[in-house]
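Heads up: the structure comes next, in structure tokens.
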Amino acid sequence: RLLFARDITRTVQLEQMRKDFVANVSHELRTPLTVINGYVEMLADQAEADTPAARAFEQMTSQSRRMQNLINDLMTLSRLESLPSGRQDDLVAVNGLMGGLREEIAAAATGERTVEVHCDETLRLMGDSKEIQSAFSNLAVNAARYTRDGDTITLRWYADRDHAYFEVEDTGIGIEPQHLPRLTERFYRVDQSRATTTGGTGLGLAIVKHILIRHHGELRIRSNPGKGSRFTCIFPISATQRRDV
Ligand code: ADP
């Protein structure tokens with residue numbers, strides 16, 4: 001018999017240091033950025049329209065907002081990584097989230113999208129309602145960003161014997177297969193050059209993945225380049241409840 005033992009204390013310590021570092025940096029950057037943001041918005045309001053100064057302030061406002069989104073997402077991610085699973089006992093009526101998701105899609109899309117909703121109205125999901133809402137919203141907003149005018153986005157919530165599924169399907173640009181395994185890595189993007197135009201932070205799918213892990217779920221991604229993508233959150237059926245009708 002061979003007994004093999006390895007001391008992983010150092011690895012665990014290093015991993016903890018990395019998490020703490022990210023959490024601290026994001027936290028420290030937040031306050032100065034809020035101040036800068038406030039002044040830039042004030043100056044932008046005072047600038048005369050259609051002048052070079054007004055355009056510069058517009059750029060500064062949009063870039064500092066982007067930085068704020070990034071910091072918020074980094075903080076969300078480090079919270080998800082470092083804290084134990086939060087309250088898992090909210091009963092979420094996914095049906096009730098659909099209206100909000102529609103609105104978020106409309107706000108994130110440039111141009112028109114057809115949004116279809118197929119929802120099992122009696123099926124509820126147990127978990128942390130804020131986290132679940134954030135995961136679903138990330139997927140819905142992505143669908144809006146990576147589709148074009150006239151495309152369709154379908155939201156589904158249903159169950160079979162063993163699992164419950166929340167699905168966002170789009171008829172958008174799709175993703176080449178070689179990118180699929182890496183999509184949930186932080187800052188991984190199929191097209192780096194689009195990063196500034198889509199307004200995303202590159203952290204959305206990493207956040208979705210972490211939230212699903214905390215709910216004993218997983219993310220499945222299917223895509224057809226040029227035709228569209230389907231992102232499915234799969235939950236164990238034990239995390240759901242039926243509301244009597
Ligand atoms: P981002 O903020 O860049 O959208 P995400 O983590 O949310 O970051 O997504 C990572 C990458 O996955 C995106 O940059 C994009 O290339 C790709 N992606 C995500 N959702 C879709 C989608 N619905 N259709 C096509 N590509 C997508």
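Here, residue 1 is the first one in the sequence, and each next residue gets the next number. First listed ligand is number 1; within each ligand, the first listed atom is number 1.
Considering backbone and side-chain N/O of I173, none are found under 3.5 Å from N/O of ligand 1. Residue Y146 places at least one N or O, backbone or side chain, under 3.5 Å from an N or O of ligand 1. Annotation: L183 places no N or O atom under 3.5 Å from an N or O atom of ligand 1; distance criterion only.
For ligand 1 and G200, the ligand atoms under 4.0 Å from any heavy atom of the residue are 2 (O). Set against the non-hydrogen atoms of G202, the atoms of ligand 1 under 4.0 Å away are 1 (P), 2 (O), 3 (O), 6 (O), 8 (O). Against a heavy-atom cut-off of under 4.0 Å, V190 is close to the following atoms of ligand 1: 16 (O). Atoms of ligand 1 lying under 4.0 Å from at least one heavy atom of S229, given by number and element, are 24 (N), 25 (C). Under a 4.0 Å criterion applied to the non-hydrogen atoms of G204, ligand 1 contributes the atoms 5 (P), 6 (O), 7 (O).
Remark: R222 does not engage E167 in a salt bridge, criterion side-chain N to carboxylate O under 4.0 Å. A salt bridge between E15 and R18 is present, with a side-chain N of the basic residue lying under 4.0 Å from a carboxylate O of the acidic one.
Under a 4.0 Å heavy-atom criterion, Y188 is in contact with ligand 1. No heavy atom of R186 sits closer than 4.0 Å to any atom of ligand 1.
A donor-acceptor contact closer than 3.5 angstrom is absent between the side chains of T147 and D170. Between N37 and S64, the side chains place a donor N or O and an acceptor N or O closer than 3.5 Å (distance only, hydrogens not considered). For the 3.5 Å distance criterion, the side chains of N72 and Q68 fail to qualify, holding no donor opposite an acceptor.
Ring-plane geometry between Y165 and Y158 is classed as parallel, the angle between the planes falling under 30 degrees on a 0 to 90 degree scale with a further cut at 60.
Rounding to the nearest 0.5 angstrom, the gap separating the CG atom in L183 from the CG atom in L219 is 9.0 Å.
With a heavy-atom cut-off of 4.0 Å, I175 touches ligand 1 through its side chain alone. Residue H179 does not touch ligand 1, judged by heavy-atom distances below 4.0 Å. No part of N138 comes within 4.0 Å of ligand 1, judged by heavy-atom distances.
For atom 7 (O) of ligand 1, the nearest non-hydrogen atom from the set D170, N142, T201 belongs to N142.
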Quiz item: Is there a side-chain contact (heavy atoms from CB on, under 4.5 Å) between R145 and N142 once you walk through the steps?
Solution: CA-CA 5 Å; R145 286 201 192 117; N142 272 354; 3.4 Å; yes

Self-check item: Candidate pair L97 and Q133, rule side-chain contact (heavy atoms from CB on, under 4.5 Å), full reasoning
Solution: CA-CA 7 Å; L97 298 180; Q133 189 167 1; 4.1 Å; yes

